[in-house]
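Here the structure comes first, spelled out in structure tokens, and everything after it is commentary.
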Number of protein chains: 2
Amino acid sequence: MDAIDRSLVELLRGNARLSYAELARQVGLSAPAVHERVGKLESSGVIRAYRAEVEPEAIGLGVTALIGIVEDSGGDTDDVLETFRQMPEIESCYFMAGVESFLLKARVGTIAELEQLIVRLSRTPGVASTRTGIALSTKWENRPQPIDPPAS
Amino acid sequence: MDAIDRSLVELLRGNARLSYAELARQVGLSAPAVHERVGKLESSGVIRAYRAEVEPEAIGLGVTALIGIVEDSGGDTDDVLETFRQMPEIESCYFMAGVESFLLKARVGTIAELEQLIVRLSRTPGVASTRTGIALSTKWENRPQPIDPPAS
DNA sequence: ACCCTCCGTGGACGCGATCGACCGGAGCCT
DNA sequence: AGGCTCCGGTCGATCGCGTCCACGGAGGGT
């Protein structure tokens, strides 16, 4: 993870479809060298995936909600997690410090679907309560932040 | 936005670096046809960007926090937004229904940096109070959900 | 029936991806 | 110091892909 790797990561966070030749030009190496570096970044887990970012409304997911989950004292956290994992509407799942063990970001098409999702969440064993906030608009999301050279 | 467009979007959400030739094979069209369709999806705003998804720890961003913001009654929402936009640590910003006008997802390297961020947020004009939750672990994030054919 | 438009195919050509061979510097052992 | 080895790079060649262009068929309007 030297300065060149950091540049590559930053370039690919900005545009995942850059060609190796273009990356090579930007960082001042040859294309095969860049190819090898990117391969290593992928297999070492630094780069996890390349994703197209899609306007959610365009694919029928106009409603975004953030849902806090309070666990039952008796519940098994892993089971709860597994249940959440089965619900495709839950795009992100954070295990949190605080009273609410989980914070979920969910996207659905309509408020009715959100209602159904919340009901399902409330009913899952191990869930004591839920608290839902609706996003009226998304100002920005997953904006990549510039990489500043770490202490190492 | 027909079935083929939806397939293309879904394929690119799974792997943004698929070649046009590969996409063409998957959807049963020629490469130039796919090229044109993807170009239209981009320029019509359905596809907003292609991003490499990076392990945050690997680039020195090991701390994730979700921060709710309550606005001053007198404040100007747009000004507050603009201030938030200048803070690179804020990766996502949702305008919410409820007491807390904004929900921010922020990533920083250390708890000390989070503290500084919270201080800056609290001090920005128009912000009445903040409420911060720390993510102990990210179970998953921005998982693409399968597209089911919309009513249209 | 005719034409127009849209959206696709096929062909061609230049560039990019990718492999293998080679090279130079760093670190280490003798 | 000399030489070995390893790592990570360049160079060159080959093959497939991206991309431009001309052409063609389907569908709708007149």
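Numbered from 1 within each chain, the chains take letters A, B, ... in sequence-line order. A quick note: this is a predicted structure, and the numbers were derived from the prediction, not measured.
Put simply, CG on A:D2 is 10 Å from P on D:dG8, counting in whole angstrom units. For the pair A:K40 NZ and D:dG8 C1', the computed distance is 7 Å after rounding to whole Å. Counting to the nearest Å, the P atom of D:dG16 and the CZ atom of B:R25 are 11 Å from each other. The nearest whole Å value for the distance from the CG atom in A:L29 to the P atom in C:dG16 is 16 Å. Distance CG (A:L8) to C1' (D:dG9): 14 Å, rounded to an integer number of Å. Here the P atom of nucleotide D:dG8 and the CZ atom of A:R37 are 8 Å apart, to the nearest Å. Across the protein-nucleic acid pair, A:Y20 atom OH and D:dG18 atom P stand 13 Å apart, rounded to whole Å. Rounded to whole Å, atom P of C:dT18 lies 16 Å from atom CD of A:E22.
Taking only side-chain atoms of A:S30, from C-beta outward, the nucleotide of D:dT10, C:dT9, D:dG8 with the closest atom is D:dT10. If you check C:dG8, C:dC7, D:dT19 against the side chain of B:H35, the one that comes closest is D:dT19. Closest to the B:P32 side chain, of the nucleotides C:dC7, D:dC17, C:dG10, is C:dG10. Distance from the side chain of B:A21 is smallest to D:dG18 among D:dG18, C:dC7, C:dT9. For A:A33, whose side chain is taken as the heavy atoms from C-beta onward, the closest listed nucleotide among D:dT10, C:dC7, C:dT18 is D:dT10.
The aromatic ring centroids of A:F95 and A:F102 lie less than 6.0 Å from each other.
Relative to the six-membered ring of B:Y20, A:R17 meets both conditions, a distance below 6.0 Å and an angle of at most 45° to the axis.
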Next on the checklist: Set out, in order, the CA-CA distance, both residues' side-chain angles and the distance that settles side-chain hydrogen bond (donor to acceptor under 3.5 Å, both in side chains) for B:T77 and B:E71, then state yes or no.
Outcome noted: CA-CA 8 Å; B:T77 298; B:E71 273 186 291; 2.9 Å; yes

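Criterion: ILVMFWY side-chain heavy atoms under 4.5 Å apart, direct or through other members. Under it, B:M87 and B:I59 are not part of a common hydrophobic cluster. A:V80 and A:I90 fall within the same hydrophobic cluster, defined by Ile, Leu, Val, Met, Phe, Trp and Tyr side-chain heavy atoms under 4.5 Å apart, directly or through other members.
Residue contacts for A:S19: at a heavy-atom cut-off of 4.0 Å it reaches the sugar-phosphate backbone alone, with no base atom in range. A:R17 comes within 4.0 angstrom of no nucleic acid atom, judged by non-hydrogen atoms across all strands.
For the pair A:E36 and B:L18, both in contact range of DNA chain D, the more 5′-proximal nearest nucleotide belongs to A:E36.
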